[in-house]
Amino acid sequence: MELYNSATHRKEELKTHTPGHVEMYTCGPTVYHYAHIGNLRSYIMEDVLEKYLRYAGYDVNRVMNITDVGHLTSDADEGEDKMIKGAKREHKTVLEIAKFYTDAFFEDCRKLNIKTPDVVQPATGCIDEYIKIISRLMDTGYAYFAGGNVYFDTSKLERYYIFNDHDEENLAVGVREGVEEDTNKRNKNDFVLWFTKSKFEDQALKWDSPWGVGYPGWHIECSGISMKYNGEYLDLHCGGIDNAFPHHTNEIAQSESFLGHPWCPHWFHVHHLNSEGGKMSKSKGEFLTVSLLEQKGYDPLAYRFFCLQSHYRKTLVFSWENLDNAVAAYQKLISRIAALDPQDGAVDQAQFDLCKEKFLQQLGNDLNTSMAVTSLYDALKIPANDATKLALIADFDRVLSLSLMEKAQAKRDEDSRAQSAKTASGYTITGEGDPAVDALVLQRYEAKKARNFAEADRIRDELKAQGIEITDTKDGASWKRI
Ligand code: AMP
Ligand code: ZN
């Protein structure tokens, strides 16, 4: 597979330490609040990547952390801890907050057909790992103790900035506006590996360590968890683009200094989903969640479809209009699949292989999901019977996970229910082909027949509230959206 590598700034073949096997790591959520749909864009694209690798024949071990300790508000390892902030906001303990939002995160993932990684490890469960790494970094001179905390000494590295040619002065922690410089640091980009003293409010969760009772910094958890479950050689590290600096940069610094050899050659970064006003943020009051989409009547999988329509390396702008367009395209696609007859012949293997080959190529080319979606439409157009087309759709959906077969079958069932109800009553409904509306129109007819005019009027009003107007005809009714 050709995949863009942020560490080398080019598209390159994914090479793995063990042929045919991928050790993959994903930075997991910070469980202090619901995930916003921007966070979930990253997890959707990473999910497609994992499923594609499996589909293409790799054996994958995917590991993800849950940040339930030590994520400070600012990138600069300064500021109020997000978990403590969440606990205060909701008058709960940090662990209660972590449990609640971890469950909420996986519930969102379930609704978006995002597979749970093979290993999911909360950061609080690996304290010994971090202590082991930090101890060696202290012994080998990569870390130092100052003012009660242990810091990584970035001046010990030949190359610190991996992902960009950063201007050190602009990025340096101490010179950022509003961030007070930590005077314990020897160099501006040094970062905390272990806290026993923070000038900000203390952590609720603390552990004993050779440097005193305290808690880990954020970056060390991903290195520790990955090395524990992926081993010393990681093949592919994933995360949102905002994690490239300083989080991933610091992960590389500490992991390679600890291991004494290169750690992870390939870095996959998903670009952001922005709102029309700019960056998505959880601090600005109401923010976009999967539940909010559902409350507004959207199918979470239409959001997944929306994400797949664009490339992971492009910033994606969210607007309701853009989402509505995706909903319309998704529903139309389902209708086209529903119109295929599963009983129509046997699968034409030659046509199947030809079409599948193209799909593999599209995703194998830097995970081009929008072209992979186009492959679904191509499958509908091939010169073959319906059974072949359906077999292709089902096969591609192993990677795209849009529940296309299930939704198409549900549509077929619904259509046939509406159809048989229509035929049974000899009542003809002409409309815009929406079985839910047809069913209500039919219910109104049944109510009228039973002389339950109040119910018939109620249904007419309900449809009117949905912007639908019914007109009675000679042998039934017709409806339209107004
Ligand atoms: P967090 O819960 O803040 O640790 O973030 C979880 C994941 O979402 C990380 O991989 C982030 O890089 C990613 N992320 C944060 N904001 C966005 C966004 N607006 N669009 C896409 N991914 C994001
Ligand atoms: Zn991480």
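One-based numbering along the sequence shown. Atoms within each ligand, like the ligands themselves, are counted from 1 in listed order.
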* Can you tell which of Gly28, Gly240, Ser42 gets a heavy atom nearest to atom 22 (N) of ligand 1? -> Ser42

* Asked: Taking only residues two or more places apart in sequence, or in another chain, which ones meet Trp267 in a side-chain hydrogen bond (donor to acceptor under 3.5 Å, both in side chains)?
  -> none

Check: [X] N/O within less than 3.5 Å of ligand 1 N/O:
X      : value
Gly38  : yes
Gly239 : no
Tyr43  : no
Trp218 : no
Glu46  : no

* Asked: Is it true that Val270 lies under 4.0 Å from ligand 1, counting heavy atoms only?
  -> no

* To do: Please confirm whether Thr67 comes under 4.0 Å of ligand 1, counting heavy atoms of the residue only.
  => no

* **Metal-centred angle, SG of Cys222 through the Zn ion (ligand 2) to SG of Cys27, rounded to 10 degrees** => 130°

* Under-4.0 Å heavy-atom contact with ligand 1, by part of Lys279 that carries it -> neither

* What about the rings of Trp320 and Tyr298, do their centers lie closer together than 6.0 Å? -> yes

* Partner residues of His21 under the ring pair (Phe, Tyr, Trp, His ring centres under 6.0 Å) criterion, sequence neighbours left out -> none

* Asked: Would one find an N, O or S atom of His219, in either backbone or side chain, under 2.8 Å from the Zn ion (ligand 2)?
  -> no

